[in-house]
Amino acid sequence: MQYKLNSKIENKFTYLAIKEIFGLLNKVIGKKNLKELEIIYPPEREMGDFVLPCFVLAKNFKKSPIEIAAELSKNIKLKNSGVICKIKNQGPYLNFFVKNNRTAELVLREIFLKKDKIGENKIGKDKKIMIEYLSPNTNKPLHLGHSRNAFLGWSVSKILQANGYKVIKACLINDRGIHICKSMLAYQKMGNKKTPKSEKIKSDHFVGDYYVLFDKLQNENPEIEKEAQELLRKWEKGDKKVLTLWKKMNSWAISGIKETCKEIGVSFDKFYFESDFYKKGKNIILKGLKQKKFTKEEGAVLADLKKYNLPNKFLLRSDGTALYITQDIYLSYLKYKDYEPNKIIHIIGSEQDLSQKQLFAILDILKFKVAKNMSHLSYGMINVEGGKLKSREGVKVDVDNLLAELKGEAEAEIKKRNKKLNKKEVERRAKIIVLGALKYYILLYGAKNTVNFNPKKSLSFTGNTGPYLQYTYARIIGIIQKSDVGFQISDFRFQISDVVDVDFSKLSDVADTNLIFELSKFSNVIKQAGENCDPSILAKYLYELAKIFHNFYHQSPVLQSDKETKKARLLLIFSVAQIIKKGLELLGIETMEEM
RNA sequence: GUACCCGUAGCUCAAUUGGAUAGAGUGUCUGGCUUCGGACCAGAAGGUUGCAGGUUCGAGUCCUGCCGGGUACACCA
């Protein structure tokens with residue numbers, strides 16, 4: 001994590017410290033030389049709290065960075081009133097140390113006062129970002145790949161909101177095309193008027209089963225593919241019977257998918273249905289053709305993308321009908337008409353890297369207003385036990401079944417720990433834990449990585465996992481609940497009337513200060529996660545924080561300490577709990593006070 | 001064939017966007033509850049960062065060429 005001179009939004013402590021460091025440097029080397037300097041964190045906190053690498057200065061002064069660091073450490077004179085209390089050169093680095101009690105006061109007080117707004121900033125003030133994510137097909141239930149999309153979409157939305165943006169969460173429903181016709185055809189042949197209700201099957205699974213069935217039928221009789229295409233033609237012509245069936249099966253699929261969304265805790269502000277506009281967009285292309293932005297090749301309209309270093313792309317068939325990209329272009333305009341976003345982010349699998357680049361290039365040619373602010377958040381596939389996951393192969397790796405299976409394991413674990421819990425509470429906790437484990441596991445990876453997922457091996461509840469963080473939170477709450485000093489718990493939030501009374505000099509052990517310093521990084525983590533649209537940055541940070549907390553926990557008693565230390569440490573662990581709760585919330589993970 | 005992504009400890013992944021001794025989890029081994037929740041903590045072992053060059057004060061990170069894996073390149077959706 002790097003701080004630059006111009007960096008405006010930090011927490012109060014970091015802001016003061018960085019400002020002071022640059023003030024001190026200014027006196028010694030002059031304003032001119034400050035420009036390119038960066039302050040970073042050292043690899044180990046024993047080395048210092050902030051570091052100035054002196055390589056840039058070496059060029060300016062034509063001296064070795066080691067000499068420069070030594071000179072600076074000699075020449076800089078500290079003020080008594082500041083946050084910085086010590087400077088030490090080490091090789092080409094100049095290390096700054098902060099005052100412990102001042103740091104503790106600034107950091108903990110800010111966390112306490114900002115409550116659940118802690119870490120938020122206003123970078124995105126007055127800016128709207130639309131995030132399109134999930135985009136399911138209506139022929140089958142959501143599978144693991146979808147869950148990666150959903151968790152990413154949700155968390156990125158949350159993180160951007162914390163960075164001050166207004167976020168619109170949109171979902172494109174792919175509700176037409178050959179895939180749904182396949183399910184429909186299989187249902188026509190084998191359905192016998194069965195319904196999800198009559199069969200007691202969740203409605204999207206009901207539809208998905210016929211999609212799988214189609215595959216079986218096709219193996220017996222390859223000709224059936226043609227029948228499906230015929231069905232699609234009838235659908236496009238508006239055949240009433242076909243439309244009725246389509247509506248029925250679609251509503252089953254969609255309501256089932258929405259149920260799953262609710263279960264995994266994601267939602268949307270706006271749904272777009274492909275069937276509403278799959279033929280539109282023609283006019284936009286034709287207008288572009290008239291303006292000579294595109295060319296014609298054997299009657300079809302073609303976009304020349306050479307200057308973008310991309311393969312050319314057809315935009316309309318020679319018979320004048322729309323292609324998939326045509327509706328993509330239309331949808332972009334529609335989004336702008338609906339919300340006028342400043343930025344649009346598509347969360348789509350990496351297999352569409354090329355087509356997304358082409359889409360953005362074409363929109364750029366069309367001078368679409370947001371074209372230059374559109375981005376594709378690309379993520380890799382999830383393989384399950386070696387095989388790429390596809391519902392048509394009948395592998396049961398859909399989200400619903402996976403969660404049900406994992407819940408069983410979590411319930412067993414909870415019962416082991418707490419034998420008196422009633423069934424309902426066991427189930428409630430199991431759900432939160434399992435979702436925490438799955439979300440954290442998926443978000444901890446870099447999005448680009450292909451994930452090899454093995455339900456039994458991959459998901460554990462110990463180590464660097466979601467439940468570990470949830471446990472950390474519950475553990476802290478446990479301590480606070482047993483305390484009697486200055487804290488009250490009400491409605492899952494904490495209130496304290498006398499932070500002012502806390503003696504911050506009591507927090508001077510290394511275990512205390514490590515924890516405090518780590519807490520001070522939180523706002524910068526949120527900023528970074530937002531800039532990169534990358535929840536993994538936050539996930540890694542939370543783990544680091546929890547680990548440092550546990551180290552503290554095992555060597556520093558809270559409740560058994562003398563009154564003043566107890567009070568100070570209670571405030572400290574309360575702050576840790578606040579940050580963990582807030583951080584997990586931005587990852588879409590729930591916390592609970594007992595687990 | 002062309003483009004993009006990936007290759008780091010036995011396994012799964014990190015690495016402050018070019019910076020200090022490449023770190024975690026897991027697995028293996030050793031320790032730690034009459035003391036705030038053991039879903040925990042402390043420690044040991046484990047590495048030629050796929051290979052070969054190059055760029056510079058400095059490369060896991062950037063450039064070139066190989067090797068291996070994945071994905072995408074329709075007047076499909």
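Proteins come first, then strands; the chains are lettered A, B, ... in the order of their sequence lines, and each starts at number 1.
- Taking atom P in both rG10(B) and rG50(B), one finds a spacing of 13 Å when rounded to whole Å.
- Distance from the side chain of Y93(A) is smallest to rA20(B) among rC41(B), rC36(B), rA20(B).
- Nucleotide rU34(B) forms no Watson-Crick or G-U wobble pair with any nucleotide shown, as no partner meets the under 3.5 Å limit on both distances.
- Nucleotides of RNA chain B nearest to G478(A) and H554(A) differ in position, and the one nearer the 5' end is that of G478(A).
- Remark: the separation of the C1' atoms in rU49(B) and rG23(B) is 12 Å, to the nearest Å.
- Residue K540(A) has a polar side-chain atom (N or O) positioned under 4.0 Å from OP1 or OP2 of rA15(B).
- If you find the closest nucleotide of RNA chain B to S536(A) and to A410(A), the one lying nearer the 5' end belongs to S536(A).
- Out of rU12(B), rA77(B), rA24(B), the shortest distance to the side chain of Y445(A) is found at rU12(B).
- Between E236(A) and R176(A) a salt bridge is recorded (basic side-chain N to carboxylate O distance below 4.0 Å).
- Across all strands, A58(A) comes closer than 4.0 Å to no nucleic acid atom at all (heavy-atom distances).
- Taking every side-chain heavy atom of V51(A) into account, rA20(B) is the closest of rC36(B), rC40(B), rA20(B).
- Only the C1' atoms considered, rG69(B) is 8 Å distant from rG7(B), to the nearest whole Å.
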Using the ring pair (Phe, Tyr, Trp, His ring centres under 6.0 Å) rule, take F360(A) and H376(A) through it: C-alpha gap first, then chi angles, then the decisive distance, then the call.
CA-CA 9 Å; F360(A) 298 157; H376(A) 173 206; 7.2 Å; no
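- Put simply, the side chain of N89(A) does not reach to within 4.5 Å of the side chain of N95(A), judged on heavy atoms.
- Listed candidates were rG25(B), rC40(B), rU12(B). Nearest to the side chain of T462(A) is rC40(B).
- I414(A) comes within 4.0 angstrom of a base, heavy atoms only.
- Residues of residues 315-331 of chain A that place a heavy atom closer than 4.0 Å to RNA chain B, in numerical order, are R317(A), S318(A), L323(A), Y324(A).
- For E351(A), the CD atom counts as densely surrounded, since its 6.0 Å shell holds more than 12 non-hydrogen atoms of other residues, nucleotides or ligands.
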After noting the C-alpha distance and the side-chain angles of Y441(A) and Y445(A), does the key distance pass the ring pair (Phe, Tyr, Trp, His ring centres under 6.0 Å) rule?
CA-CA 7 Å; Y441(A) 178 82; Y445(A) 280 86; 5.2 Å; yes
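- If you check every strand for non-hydrogen atoms under 4.0 Å, K547(A) touches sugar and phosphate atoms only.
- Base pairing of rC51(B) is made with rG65(B), judged by Watson-Crick or G-U wobble geometry with both donor-acceptor distances under 3.5 Å.
- Distance Q352(A) CD to rA77(B) C1': 9 Å, rounded to the nearest Å.
- A 3.5 Å limit on both hydrogen-bonding distances identifies no Watson-Crick or G-U partner for rC75(B).
- Side-chain N/O atoms of N449(A) include one lying less than 4.0 angstrom from OP1 or OP2 on rA14(B).
- Atoms CG (N452(A)) and P (rG69(B)) sit 15 Å apart, rounded to a whole Å.
- OP1 and OP2 of rA77(B) both lie 4.0 Å or more from every side-chain N or O belonging to N137(A).
- Comparing atom distances between the P43(A) side chain and each of rA20(B), rC73(B), rC41(B) picks out rA20(B) as nearest.
- Across the protein-nucleic acid pair, I40(A) atom CD1 and rA15(B) atom C1' stand 13 Å apart, rounded to whole Å.
- Between F50(A) and F517(A), the ring center distance clears the sub-6.0 Å criterion.
- N383(A) places its CG atom 16 Å from the P atom of rC6(B), with the value rounded to the nearest Å.
- Rounded to an integer number of Å, the gap from CZ of R45(A) to P of rA20(B) is 19 Å.
- In this structure rC4(B) sits in a base pair with rG70(B), meeting the Watson-Crick or G-U test at under 3.5 Å.
- Nearest nucleotide to the I479(A) side chain, out of rA20(B), rC36(B), rA74(B): rC36(B).
- A salt bridge is absent between E411(A) and K407(A): the closest approach of a Lys/Arg side-chain nitrogen to an acidic carboxylate oxygen does not fall below 4.0 angstrom.
- The nucleotide whose nearest atom lies closest to any side-chain atom of E274(A) is, among rA77(B), rC41(B), rC36(B), rA77(B).
- Nucleotides rU56(B) and rU61(B) place their P atoms 16 Å apart, quoted to the nearest Å.
- OP1 or OP2 of rC41(B) sits under 4.0 Å from a side-chain N or O of Y468(A).
- In this structure, the nucleotide among rC40(B), rC36(B), rA77(B) sitting nearest to the side chain of Y471(A) is rC40(B).
- A salt bridge does not link E518(A) to R45(A): none of the charged nitrogens lies less than 4.0 Å from a carboxylate oxygen.
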Can Y278(A) and Y324(A) be said to form a ring pair (Phe, Tyr, Trp, His ring centres under 6.0 Å), step by step?
CA-CA 8 Å; Y278(A) 77 102; Y324(A) 193 80; over 10 Å; no
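- Put simply, K482(A) has a side-chain N or O that comes within less than 4.0 Å of OP1 or OP2 on rG37(B).
- In this entry rG18(B) has no Watson-Crick or G-U wobble partner, no candidate having both defining distances under 3.5 Å.
- When the C1' atom is compared between rC36(B) and rA45(B), the two are found 34 Å apart, to the nearest whole Å.
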Would you please test F55(A) and Y93(A) for ring pair (Phe, Tyr, Trp, His ring centres under 6.0 Å) and show each step?
CA-CA 9 Å; F55(A) 305 104; Y93(A) 298 93; 5.7 Å; yes
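- Residue-level contact check: E544(A) touches neither bases nor backbone, having no heavy atom under 4.0 Å from any strand.
- Within 4.0 Å of G349(A), counting heavy atoms only, lies no atom of the nucleic acid at all.
- Both stacking criteria are satisfied for F55(A) over the base of rG19(B): a centre-to-centre distance under 5.5 angstrom and an angle between ring planes under 30 degrees.
- Distances were taken from every side-chain heavy atom of M381(A) (C-beta onward) to each of rA74(B), rU71(B), rC5(B); the shortest belongs to rU71(B).
- One can place OH of Y553(A) at 15 Å from C1' of rA42(B), the figure rounded to the nearest angstrom.
- P42(A) comes within 4.0 angstrom of a base, heavy atoms only.
- Straight-line distance between the C1' atoms of rU71(B) and rC6(B): roughly 10 Å, to the nearest whole Å.
- Within 4.0 Å (heavy atoms only), E298(A) reaches at least one base atom of the nucleic acid.
- Atom-to-atom, CD of E67(A) to P of rC57(B) comes out at 16 Å; the value is rounded to the nearest Å.
- Nucleic acid contact class of N418(A) (heavy atoms, under 4.0 Å, all strands): none.
- Which of rA20(B), rC41(B), rA72(B) sits closest to the side chain of E351(A) comes down to rA72(B).
- Across all strands shown, P53(A) has no heavy atoms under 4.0 Å from either base or sugar-phosphate atoms.
- Rounded to whole Å, the distance from NZ on K357(A) to P on rU71(B) is 17 Å.
- A distance of about 13 Å separates the C1' atoms of rA20(B) and rA15(B), rounded to the whole Å.
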